[in-house]
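Here is the structure we will look at, set down as structure tokens.
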Amino acid sequence: MTQITPQPGIMDIALYQAGKSHVAGQTRVLKLSANENPFGPSPKAIAAAQSAAPDLHRYPSTDHTELRAAIGEVHNLDPDRVICGVGSDEVLQFVVQSYTGPGDEVIYTEHGFSMYPILARQAGATPVCVPETNRVVDVDLILKAVTERTRLVFLTNPGNPTGTLLPADEVARLAEQLPDHILLVIDGAYAEFVRPEARFDAGVDLVDTRANVIMTRTFSKVYGLGGLRVGWGYAPREIIDVLNRVRQPFNLSNLSLATAEAALRDRDYLDMCRRENAKWREWLAGELAALGVPSDQSHTNFILARFADQNEADACDALLQTRGIIVRKVAGYGILEGLRITIGDEEGCRAVAAAIKAFTEGARA
């Protein structure tokens, strides 16, 4: 038996469970388990990828200047305060690696992204799970959990898998009441889907006015580039300088950089994806509510359908699979009675509604 042992905390990490992609016996499936864009990437992004392909033998730039400049232009941000990573996950990893270690605590909420405790344990830090209130982040409970060992607070906003949104004034209250030595990390993977009336800036104002806030975004959701893994973060200049010291110099390929920039600049395609998502998100939520399957108002590209209990959720999931429909069970996130359903196109949403209607009529007859 090997005498080589991993660092403390590594063996406490539960392996990340991705959404299912296949159903036994089904040759054609409707995958609604990973919150992917049903329309795929922008045609302009595809063209950019094709144009970049002949240069795959060339090393990419080490500083991502062109993509950072595009992010700065589109979002009115200082590109020197932007860092790019292999998905926003890698940016989160940079933060935890740089600012936490053994003896430190990392706070996250009970329905937050499951990578947060994994990242904390990678760094040897202790993850601290804080309850939510009716599937919404509770600022007071986070503040109550802060100790002298706390170094970082993760906030998923909008939430995943809940779809709920912590209002801007509550996010600001959290930032203001955290001690200055604690980093607040606002994970905005679903920020593009938030309703305009929410006046949501994903944390930009807080980053610009405070020294201890960082926000992250991704190209994997609304931009349809999950297969390329590109994300970015925005933070005070001093924090970006630290994160760049642990970032590998060639972490993003030429293909990824060119494709992400083209996707970002195609605002017409982005607007179309947002409109279709909002339309069918409201439609599907309404259809399921009429069947006795409620969900919280979602600000994302999915809804969290809640059933009577775990048995009913499991039974509905099984029926959906017989129809080739894959959704995401979220018992691992502490929501035993829930199924997270990605918003697809019209055909996909109607198929889900019809299947759940058949289930409720049979199960509750």
### Query
Between Trp283 and Arg350, is there a cation-pi geometry (under 6.0 Å to ring centre, at most 45° from the normal)?
yes

### Task
Would you please say whether a donor-acceptor pair under 3.5 Å links the side chains of Glu132 and Thr109?
yes

### Query
Restricting to pairs with a member in residues 67-112, which pass ring pair (Phe, Tyr, Trp, His ring centres under 6.0 Å), not counting sequence neighbours?
His75-Trp232

### Message
Less than 3.5 Å apart, any donor N or O on the side chain of Tyr333 or Ser114 sitting next to an acceptor on the other?
### Response
yes

### Query
Would you say Arg267 has more than 12 foreign heavy atoms packed within less than 6.0 Å of its CZ?
yes

### Query
Is the number of heavy atoms from other residues, nucleotides or ligands under 6.0 Å of Asp271 CG greater than 12?
yes

### Task
Would you please test Ile214 and Ile186 for side chain to side chain contact (heavy atoms under 4.5 Å, CB included) and show each step?
CA-CA 6 Å; Ile214 178 172; Ile186 304 173; over 6 Å; no

### Message
Quick test of your reading of the model: are Lys31 and Glu36 salt-bridged, counting only N-O distances below 4.0 Å?
### Response
yes

### Message
Tell me whether the rings of Tyr116 and Phe113 are parallel (<30°), tilted (30 to 60°) or perpendicular (>60°).
### Response
perpendicular

### Query
Does Glu66 CD have over 12 foreign heavy atoms under 6.0 Å away?
no

### Message
What verdict does the side-chain hydrogen bond (donor to acceptor under 3.5 Å, both in side chains) test give for Arg328 and Asn35, after you've listed the backbone C-alpha separation in whole Å, the side-chain angles of each residue and the deciding distance to 0.1 Å?
### Response
CA-CA 9 Å; Arg328 183 69 181 264; Asn35 299 337; over 6 Å; no

### Task
Could you give me the CA-CA distance, side-chain angles and deciding distance for Asp89 and Arg229, then say whether side chain to side chain contact (heavy atoms under 4.5 Å, CB included) is met?
CA-CA 9 Å; Asp89 304 42; Arg229 313 301 302 125; 3.4 Å; yes

### Message
Quick one about Asn244 and Arg247 (side-chain donor to acceptor, distance below 3.5 Å, no hydrogens or angles considered), yes or no?
### Response
yes

Which atom pairs, donor and acceptor, lie under 3.5 Å between side-chain atoms of residues 285-296 and protein residues at least two apart or in another chain?
| residue | atom | partner | partner atom | Å |
| --- | --- | --- | --- | --- |
| Asp296 | OD1 | Arg135 | NH2 | 3.2 |
| Asp296 | OD1 | Arg306 | NH1 | 3.4 |
| Asp296 | OD2 | Arg135 | NE | 2.5 |
| Asp296 | OD2 | Arg135 | NH2 | 3.4 |

### Message
Check whether Asn301 reaches the backbone of Lys221 with its side chain - one donor and one acceptor, N or O, closer than 3.5 Å.
### Response
no

### Query
Judged by modelled atom types alone, do Gln97 and Gln122 share a side-chain donor-acceptor pair under 3.5 Å?
no

